[in-house]
Each structure stands twice: as structure tokens, then as C-alpha cells.
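Structure first, then comments.
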Amino acid sequence: MNRLTRDFFMRDVLEVAPGLLGKTLVRKQENGIIKKYLITEVEAYKGEKDLACHASKGRTPRTEIMYHEGGHIYIYLIYGMYWMLNFVTAIKDTPQAVLIRGIEGYNGPGKLTRNLFIDKSFYGENLNSSGRLWVEKGLKQNEIKIKTTPRIGIDYAGEIYKNKLWRFVMG
DNA sequence: TCGACGATTGCC
DNA sequence: GCAATCGTCGAG
């Protein structure tokens with residue numbers, strides 16, 4: 001079995017996020033067909049101090065899952081139209097998540113979820129046990145070049161956090 | 001209850 | 001450049 005285990009996601013988000021580049025996102029559709037995509041672009045959102053992180057506003061019904069242990073799926077709707085796919089990281093009570101921004105073939109977090117038919121119903125599912133979405137090994141870490149940049153669309157996050165190089169792109 | 005706003009996208 | 005479109009959250 002190539003599925004990444006709980007331990008992979010139980011680390012700090014700044015380790016997990018770049019570690020997800022080159023890994024394989026696996027989606028099993030309702031008709032049983034399995035599709036696999038290399039992960040090419042991610043962003044890290046780290047804790048209540050990170051003003052770009054939804055958890056900066058504390059524990060709410062929406063952010064609740066980020067306070068659980070790594071490996072859970074955090075999904076939310078943005079601009080009334082697009083579902084954003086995130087993976088919770090680290091141990092319990094440290095709200096962190098990785099936004100999956102791009103996979104091979106689809107660039108853009110909204111287009112990605114639309115094409116893979118991922119929506120609110122995935123909220124709270126666990127990548128260790130889900131029968132329809134998980135992550136597997138992919139490229140070897142030494143085969144990958146990683147570029148870092150500031151995160152997209154978070155100008156409101158204040159000078160410190162909007163400039164953090166927490167977007168990771170493969171290639 | 002109400003209003004403001006957003007980790008985006010695609011069209012003008 | 002800007003509208004689409006609606007769940008979430010804090011204020012009233």
C-alpha cells in the first residue's frame with residue numbers, strides 16, 4: 001500500500017506542505033474509477049498567529065477541524081462558488097492546514113475541486129481511512145525542485161504574514 | 001436577523 | 001478592470 005500514513009501529516013505544516021509536492025492525489029469516483037494526479041502547488045497556513053489562516057479568528061464551527069490531529073480534510077467555500085481543499089497537519093490543538101492549490105493538469109484551487117467533484121461533504125474526512133480521497137507516494141524528494149513565494153490572495157494578513165514564503169511550487 | 005467579505009475564476 | 005454568488009461570522 002502506497003497511501004501516506006497518519007505520521008506524515010502529524011508534522012509541522014512547514015514540513016508537510018513542501019513534502020506534499022510530487023506526491024500523488026488519489027480520487028476514487030462514485031463509479032469506482034480511480035484517478036491519480038501529481039500535486040504541484042501548495043500553501044501553508046500556520047496557527048492562530050498567522051493572520052492569513054482562518055484559525056486566526058479562533059475556534060469556530062468552520063475552523064473546528066483544524067484543531068484536530070493531522071490527516072483530516074478541511075474544506076470551505078470561497079466567493080460563494082469554489083471549494084478549497086486543505087489537509088490538516090500537526091498534533092491536536094495546533095490549527096494548521098495545507099491548501100492544495102494545483103495538481104498536474106489543473107492549476108488553481110477552485111478548478112481542481114470542481115474537476116475532481118470535491119465539495120463540502122468531504123469536510124472532516126480522514127486521509128488515512130477515506131475510501132474516496134487520499135494521498136500516495138509519488139516522485140522521490142531528490143527528483144523535485146521546489147520554488148517558494150508569498151501566498152496568493154492574502155494582502156489583508158499584515159506585513160509579517162503576507163510576506164511569508166509559504167507557497168510551494170514544484171518545478 | 002443583517003451586512004460585510006472572502007486562501008477565485010473568467011469574461012469585459 | 002470587475003462581477004458572480006453564498007456560507008460564515010461578528011455586530012446589533
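Each chain gets a letter, A, B and so on, in the order its sequence line appears, and its residues count up from 1.
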Output yes when at least one side-chain N/O atom of [X] is less than 4.0 Å from OP1 or OP2 of [N], else no.
X: A/Lys120; N: C/dT8; value: yes
X: A/Arg114; N: B/dT9; value: no
X: A/Thr60; N: C/dT8; value: no
X: A/Tyr82; N: B/dA7; value: no
X: A/Lys57; N: C/dT8; value: no

Atom-to-atom span, [atom1] of [X] to [atom2] of [N] - whole angstrom:
X: A/Met66; N: B/dA7; atom1: CE; atom2: C1'; answer: 10 Å
X: A/Tyr106; N: B/dG10; atom1: OH; atom2: P; answer: 12 Å
X: A/Leu99; N: B/dG6; atom1: CG; atom2: P; answer: 16 Å
X: A/Ile78; N: C/dC6; atom1: CD1; atom2: P; answer: 14 Å
X: A/Asp155; N: B/dT8; atom1: CG; atom2: C1'; answer: 14 Å
X: A/Ile100; N: B/dA7; atom1: CD1; atom2: C1'; answer: 12 Å
X: A/Trp83; N: C/dC6; atom1: CH2; atom2: P; answer: 11 Å
X: A/Met84; N: C/dG7; atom1: CE; atom2: C1'; answer: 14 Å

query: Is A/Tyr79 stacked on the base of B/dG6 when the test is centres under 5.5 angstrom and planes under 30 degrees?
result: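 By the stated criterion, A/Tyr79 and B/dG6 do not stack.
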Lys/Arg-Asp/Glu bridge criterion (N-O < 4.0 Å) met for [X], [Y]:
X: A/Arg59; Y: A/Asp93; answer: yes
X: A/Arg132; Y: A/Glu30; answer: no
X: A/Arg6; Y: A/Glu69; answer: yes

field: Watson-Crick or G-U stems of DNA chain C, 3 or more pairs, under 3.5 Å, by first number
entry: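 The stems that DNA chain C takes part in, listed by first number, are B:1-6 with C:6-11, B:8-11 with C:1-4.
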Does a side chain donor of either [X] or [Y] reach within less than 3.5 Å of an acceptor in the other side chain?
X: A/Glu41; Y: A/Asn107; result: no
X: A/Thr5; Y: A/Asp7; result: no
X: A/Gln96; Y: A/Thr89; result: yes
X: A/Tyr123; Y: A/His72; result: no

Nearest-neighbour nucleotide for the A/Tyr74 side chain, B/dA7, C/dC9, B/dG10 considered: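 Closest nucleotide among those given: B/dA7.
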query: Contact class for A/Leu77 vs. all strands (heavy atom < 4.0 Å): base, sugar-phosphate, or nothing?
result: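 Since only primed, P, OP1 and OP2 atoms lie under 4.0 Å of A/Leu77, the category is sugar-phosphate.
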message: Please classify the nucleic acid contact of A/Arg151 as base, sugar-phosphate, or nothing, using heavy-atom distances under 4.0 Å.
response: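 It contacts nothing in the nucleic acid.
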query: Quick one: on DNA chain C, does A/Met81 or A/Thr63 contact a more 5' nucleotide (nearest heavy atom)?
result: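 That would be A/Met81.
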task: Please test A/Asp50 against A/Lys164 for salt bridge (charged side-chain N to carboxylate O under 4.0 Å, His left out), starting from the C-alpha separation and ending with a verdict.
output: CA-CA 10 Å; A/Asp50 176 6; A/Lys164 294 285 189 187; over 6 Å; no
